[in-house]
Protein chains: 2
Amino acid sequence: MTKPPLTVRELIRDHYPTLTQSERKFANSLLEKYPAAGLASITIVAANAEVSTPTIARMVQKLGFKGYPQFHQALLKELEAKVSGPTQRRENWASEAPEGHMLNRFSQAVTDNLSQTFSNVDSGQFDAAVRQLAKTEGRLYVVGGRITRALADYAFTHFQAIRQRVTHMTSSSATWPHYVLDMEEGDTLLLFDVRRYETNLQRLAELAAERGVKVVLITDQWASPIAAVAAHTFNCWVEIPSAWDSNISTMMLLEAMIAATQEESWDKTKERYDRLDELFDTTRLFRKFS
Amino acid sequence: MTKPPLTVRELIRDHYPTLTQSERKFANSLLEKYPAAGLASITIVAANAEVSTPTIARMVQKLGFKGYPQFHQALLKELEAKVSGPTQRRENWASEAPEGHMLNRFSQAVTDNLSQTFSNVDSGQFDAAVRQLAKTEGRLYVVGGRITRALADYAFTHFQAIRQRVTHMTSSSATWPHYVLDMEEGDTLLLFDVRRYETNLQRLAELAAERGVKVVLITDQWASPIAAVAAHTFNCWVEIPSAWDSNISTMMLLEAMIAATQEESWDKTKERYDRLDELFDTTRLFRKFS
DNA sequence: TCTCTTCTGAAATTATATTGACAGAATTTA
DNA sequence: TAAATTCTGTCAATATAATTTCAGAAGAGA
């Protein structure tokens, strides 16, 4: 039988009647700013509650802890559990595959990656990057590396539908100088670089930055060296149980950017979409969706 | 002028490029359990991240703190501010972006899609498809449509690393007959088709199936008509708050398949990977990952 | 008011945390 | 491959934290 570990909050409530005046002073101060008010050193905590350190020491022993460090640790465990708790919500959507099946291992890794990636995006940076991507006065160049070429391609296809003046720089770096020649201030370079970082891409980014082009970099959690010259950098978590890296979080961030860019300039975009639809109907390339 | 107090998370993000390997080890462990992993004593924190205490001390100084205690205090201040702030019941893994922000709406939609997709995969089908994809006796053809071309490209790049005899059929359908001419029994066709389904792709699938080629189809939740001739069909949920469809779940399934295929034939694959690595080293195209 | 009991914090003691110096390991560069 | 650089952990020193002791303060009851 596993014992249910009481939270410190509950412990305090239980022992409150037996606490002395100064001890209550501390108890109140902790409950008010829980758990932060209990996570500093005993000295600081005591000063904040305006009591002496022995008071705190005696009280945590009353609560059942061996000493202040143990009490501190208990608070920390609680906090940790709270933060990592929701991740376990994944249980719901595991498929019927057996425990160690690739599908389940994979879903776990992907969930973690997405979670990490999301919580590390700075929404200010994101908004700024989106505004940059929506700037139709300048040209938008898109480029990726060996693996991320596919993502660049995906980005290109979508951005092309949203706005004008989009260029996909082919992955053959021999042609890049021609593009650089035409780059000018106000242009944007959307660049994908995940490990193994490519020196070609770095050169390209440096040249572009020199010419006043704003570089939007999408990279992995370890950050490509290009971050040094990029106007906006985004880190995506990419680790999976495999010899290579996953690009799902990268794709997710990219799609979020596309969606936001579209929203940013919906008036202009809507018309483009309608015209595109018409064209598809005309060419009969696609079946009508039923 | 009020100073904008950067969060520790932001500080880490800003300094990440200049961090050393062990410092990143700690940075990752902290970001993973933020802020709990940084609120114990330097000794404990170091042990948890599996680095030495001086490493931590050096790093927090890099971040701009005078010493570990100052760093600890900064984390605590953040925690305190968060608890007393208005956004107390923040959604689990949403970033710090406001409620209705695109990032948060997007994360919700993506989570739902992945969840749906996962719980609708039949692990038997999955395993069977993987076995088919790992069959190196036959040739593996990969093809996608207007949007999914990028996914096909991604699949091609990875499968090419894993096995021999892989062909990416370009999206220009004019060239397809040439490929079909050479298709024979035992070959595999990995095909992506999401709405709007493309008639070209359907023709192609029918022709291939007639010739005894096993078709592995990755499509959306409404299923492309190609499912009728496919040996294995997988449905991916693709709806997001946008005028277009998301391909994150599609990508996820694809990556899971690649990972499983690689596992299936790891003995053969490992050697290919090593050789590939050597080649990259030789060409110096990529930086060594540090 | 006095005395007894209980509580509290100053100070001393002990334990632990933090930092700095250094040398070996790992990595990059020539 | 060898030299130079950078990184990383061990160890010692120093500082700080936690605990214990104890004398005085505060309150309760007579």
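Note: hydrogens, waters and symmetry copies are ignored here, and every other heavy atom, side chains too, is used. Proteins get letters first, then strands, A, B, ... in listed order; numbering begins at 1 in each.
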Exercise for the section: Using only heavy-atom distances, determine whether the side chains of A/Asp182 and A/Tyr141 contain a donor-acceptor pair under 3.5 Å. Expected result: no

Handout entry: Polar contact flag, side-chain donor to acceptor under 3.5 angstrom, B/Tyr154-A/Asn247
Key = yes

Spacing between [X] atom [atom1] and [N] atom [atom2], to the nearest angstrom:
| X | N | atom1 | atom2 | value |
| --- | --- | --- | --- | --- |
| B/Arg24 | D/dT6 | CZ | C1' | 14 Å |
| B/Leu19 | D/dC7 | CG | P | 10 Å |
| B/Ile56 | C/dG20 | CD1 | P | 15 Å |
| A/Phe71 | D/dT19 | CZ | P | 11 Å |
| A/His72 | D/dT16 | NE2 | P | 18 Å |

Exercise for the section: May I ask you to decide whether A/Arg149 forms a salt bridge with B/Asp153, counting only side-chain N to carboxylate O separations under 4.0 Å? Expected result: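 Salt bridge: yes.
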
Fill in the blank from the handout: A correct 5'-to-3' footprint of nucleotides 3-18 of chain C, with B, S and - meaning base, sugar-phosphate only and no protein heavy atom under 4.0 Å, is ----SBBB------SS

Exercise for the section: Remember a base hit wins even if backbone is also touched, and classify A/Gln61 as base, sugar-phosphate or nothing at under 4.0 Å, heavy atoms. Expected result: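 It contacts sugar-phosphate atoms only.
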
Problem - Nearest heavy-atom neighbours spanning B/Met257 and B/Leu133 - result: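 Of all heavy-atom pairs spanning B/Met257 and B/Leu133, the closest is SD-CD1, 3.9 Å.
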
Exercise for the section: List the atom of B/Leu30, the atom of B/Gly38, and the distance in Å for their closest heavy-atom pair. Expected result: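 Reported closest heavy-atom pair: CD1-N, 3.5 Å.
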
Problem - Pair A/Arg211-A/Glu185, salt bridge (charged side-chain N to carboxylate O under 4.0 Å, His left out): steps then yes or no - result: CA-CA 6 Å; A/Arg211 300 185 64 97; A/Glu185 196 154 346; over 6 Å; no

